[in-house]
Asks: 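The structure follows.
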Protein chains: 2
Amino acid sequence: MLTTVEDATGAFIRKFEQMVELDAADIRAIRALAFTAGTIRSGQHLVREGDVVETCWLLLGGYACRQKTSRNGNRQIVSFHMTGDLLDLQHLMLPVADHSIQAITDLSVACVSTAALRALARERPAIGEGFWRDTLIDASIYREWVLNIGQRDAKSRIAHMLCEFAVRREAAGLGAPERFDLPMTQQQIADATGLTPVHVNRMLQTLGAEGVIERDGRRVAIVDWERMRRVADFEPAYLHLAA
Amino acid sequence: MLTTVEDATGAFIRKFEQMVELDAADIRAIRALAFTAGTIRSGQHLVREGDVVETCWLLLGGYACRQKTSRNGNRQIVSFHMTGDLLDLQHLMLPVADHSIQAITDLSVACVSTAALRALARERPAIGEGFWRDTLIDASIYREWVLNIGQRDAKSRIAHMLCEFAVRREAAGLGAPERFDLPMTQQQIADATGLTPVHVNRMLQTLGAEGVIERDGRRVAIVDWERMRRVADFEPAYLHLAA
DNA sequence: CGTAGGTTTGACTGATCTCAAGTTTGGTGG
DNA sequence: CCACCAAACTTGAGATCAGTCAAACCTACG
């Protein structure tokens with residue numbers, strides 16, 4: 001896993017070069033950022049609902065999720081995050097967190113003050129636009145999740161979540177989408193799809209029995225991508241991956 | 001209903017003054033925008049999924065919704081919009097629409113090119129930050145909807161939607177939150193909450209029978225706001241209304 | 001090995017959906 | 001002003017997908 005400040009700077013630059021045109025001055029400004037590298041244990045919270053957030057986490061390795069809790073204690077995971085994701089850009093403009101961020105595996109992270117990023121966004125408009133664009137893609141993904149949870153049945157919902165995970169994983173440079181290790185438990189899949197873990201388990205078995213996926217522990221192989229896409233009703237346009 | 005370009009400019013300035021500090025130059029730049037005023041009939045689409053969007057709609061009167069459609073034709077409404085809302089800010093950075101926008105009542109609107117707003121955001125950083133902040137609040141609302149649809153039962157879901165509508169309506173200066181006319185049909189409430197219209201109808205009756213709301217046609221009165229808030233599990237922090 | 005967390009299974013329950021038939025409402029043209 | 005029509009709302013009965021509860025089985029790790 002990456003753990004140094006140089007790694008953080010490099011990851012940051014790579015991410016935003018895919019999204020907007022950076023000139024030499026932009027890159028110099030990013031290199032000047034004061035990152036602090038560190039690690040976080042699985043299960044720990046990076047942000048808690050209600051916190052006033054003054055630092056921004058860059059994920060260098062591992063998986064995290066955003067979640068909200070209803071009064072009666074039910075947890076809803078609203079997104080998963082992976083290597084390269086900037087977790088707190090919205091807190092540059094909305095300092096009070098309306099959700100928590102939790103590590104679902106051990107994490108390698110870098111940390112930088114929101115004030116520094118806010119200043120960077122003002123001074124280097126290309127970077128500011130990159131930040132905005134990044135949060136707009138998050139919003140597009142939330143819209144798709146609303147559709148997924150609101151309209152699709154349990155099997156499609158889970159299949160859709162797996163497709164999204166596979167495609168984003170690939171886009172983040174973490175390997176081919178046909179075969180991968182799931183970092184999340186079935187309980188977490190349930191919390192992300194609005195189902196119970198028992199039902200997630202049964203639906204995963206169904207997807208296996210139908211020959212769409214193969215499973216071995218947490219390892220998942222999408223055997224028939226075209227059929228998987230149909231079962232999931234998955235159209236990746238909402239991820240806005242093509243710049 | 002407001003219908004002139006001056007109205008549009010005024011509405012725009014009022015909205016962003018609540019959100020960020022605008023100086024005289026900012027306000028001059030907004031006044032220089034080339035708005036076109038117009039009206040839209042209920043049911044018409046302002047944007048369709050897949051469109052390349054080059055104009056931005058400002059809602060001066062009436063109600064609209066954002067929606068996405070699953071392969072089998074099910075519609076999910078992902079947000080409602082009302083007077084003062086800027087409907088297409090995300091298209092400044094993501095030109096291809098990943099969702100549709102439809103009028104749910106007759107609308108009075110103003111229209112301005114996304115290129116002009118993009119230039120404005122670059123030249124006047126305070127306005128750019130206002131745009132960003134606005135879209136971040138949208139994203140926060142989507143997160144709450146994911147929680148609402150994923151974790152709450154039918155009665156709470158509908159109650160939550162009504163609370164949000166009431167509070168946003170008040171914040172938009174459209175009147176007190178205790179009594180209002182719903183612009184949407186029960187079918188549209190169903191599409192927004194991931195329920196069937198039949199079940200929405202029954203739950204509205206239940207809320208009425210329990211004495212939490214009173215209904216007369218589309219007119220709704222929240223009789224007991226405290227109890228309503230509890231039933232809905234409604235915590236307005238996610239609306240980020242306090243600047 | 002022992003233990004805790006994660007996964008799997010079975011039997012039963014229930015919230016929400018489906019289908020189908022009224023009933024009411026609001027707008028329109030005569 | 002009334003009659004008509006379409007859309008919206010309401011009601012009932014029966015079906016089903018997903019939830020609940022409880023137990024057993026893995027498996028990774030100390």
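So that the names make sense, note that chain A is the first sequence line, chain B the second, and so on, each numbered from 1.
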Asks: Please report, rounded to the nearest Å, how far the P atom of D:dA7 is from the CD1 atom of B:Ile104.
Replies: 18 Å
Asks: I'd like a table of atom pairs between the protein and nucleotides 8-13 of chain D - only N or O on both sides, under 3.5 Å - with the distance next to each one.
Replies:
residue: D:dC9; atom: OP1; partner: B:Arg218; partner atom: NE; Å: 2.9
residue: D:dC9; atom: OP2; partner: B:Gln186; partner atom: N; Å: 2.8
residue: D:dT10; atom: OP1; partner: B:Arg215; partner atom: NH2; Å: 3.3
residue: D:dT10; atom: OP2; partner: B:Gln186; partner atom: OE1; Å: 3.4
residue: D:dT10; atom: OP2; partner: B:Gln186; partner atom: NE2; Å: 2.7
residue: D:dT10; atom: OP2; partner: B:Asn201; partner atom: ND2; Å: 2.1
residue: D:dT10; atom: O5'; partner: B:Asn201; partner atom: ND2; Å: 2.9
residue: D:dT11; atom: OP2; partner: B:Gln205; partner atom: OE1; Å: 2.3
residue: D:dT11; atom: OP2; partner: B:Gln205; partner atom: NE2; Å: 2.7
residue: D:dG12; atom: N7; partner: B:Arg202; partner atom: NH1; Å: 3.2
residue: D:dG12; atom: O6; partner: B:Arg202; partner atom: NH2; Å: 3.2
residue: D:dA13; atom: N6; partner: B:Arg202; partner atom: NH2; Å: 3.1

Asks: Between atom CZ in A:Arg157 and atom C1' in D:dA18, what is the gap in whole Å?
Replies: 9 Å
Asks: D:dG19 P sits how many Å from A:Asp153 CG, rounded?
Replies: 12 Å
Asks: Just by distance, with hydrogens left out, do A:Glu144 and A:Asn148 show a side-chain donor and acceptor under 3.5 Å apart?
Replies: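 The criterion, which ignores hydrogens and geometry beyond distance, is not satisfied for A:Asn148 and A:Glu144.
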Asks: Could you verify whether a donor N or O on one side chain and an acceptor N or O on the other, from B:Gln90 and B:His99, lie under 3.5 Å apart?
Replies: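 Their side chains do contain a donor-acceptor pair, which is all the 3.5 Å distance test asks for.
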Asks: Of all of residues 65-78 of chain A, which get a heavy atom below 4.0 angstrom from DNA chain D, listed by number?
Replies: none
Asks: In whole Å, I'd like the distance from the CD atom of B:Gln151 to the P atom of D:dA18.
Replies: 15 Å
Asks: Rounded to the nearest angstrom, tell me the gap between atom CE in A:Met203 and atom C1' in D:dT16.
Replies: 12 Å
Asks: Under a 3.5 Å cutoff, is there a donor and acceptor pairing between the side chains of B:Ser42 and B:Asp106?
Replies: no
Asks: Please determine, by modelled atom types, if A:Gln44 and A:Gln102 share a side-chain donor-acceptor pair under 3.5 angstrom.
Replies: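 Short answer, no.
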Asks: Starting from C1' on C:dG10, measure out to NE2 on A:His199 and report it in whole angstrom.
Replies: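 Going from A:His199 (NE2) to C:dG10 (C1'), I get 15 Å.
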Asks: Do B:Asp138 and B:Thr135 have a side chain donor and acceptor closer than 3.5 Å?
Replies: no
Asks: Which class fits the ring pair B:Tyr238 and B:His160: parallel under 30°, tilted 30 to 60°, perpendicular over 60°?
Replies: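 Correct class here is parallel.
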Asks: Taking atom types as modelled, find out whether B:Thr69 and B:Arg75 have a side-chain donor-acceptor pair closer than 3.5 angstrom.
Replies: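 Note: B:Thr69 and B:Arg75 side chains miss the donor-acceptor criterion.
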Asks: When we call it a touch if two heavy atoms are under 4.0 Å apart, what does B:Gly43 touch: a base, just sugar-phosphate, or nothing?
Replies: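 It contacts nothing in the nucleic acid.
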Asks: Might you work through the side chain to side chain donor-acceptor pair (under 3.5 Å) test for A:Arg157 and A:Thr193, ending with a clear yes or no?
Replies: CA-CA 6 Å; A:Arg157 255 186 250 184; A:Thr193 50; 5.7 Å; no
Asks: Nearest whole Å is fine: how far is C:dT7 C1' from A:Gln188 CD?
Replies: 14 Å
Asks: In whole angstrom, what separates B:Leu195's CG from D:dT16's P?
Replies: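 For the pair B:Leu195 CG and D:dT16 P, the rounded distance is 20 Å.
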Asks: Counting neighbours of CG on A:Asp216 that are heavy atoms of other residues, nucleotides or ligands and sit closer than 6.0 Å, is the number greater than 12?
Replies: no
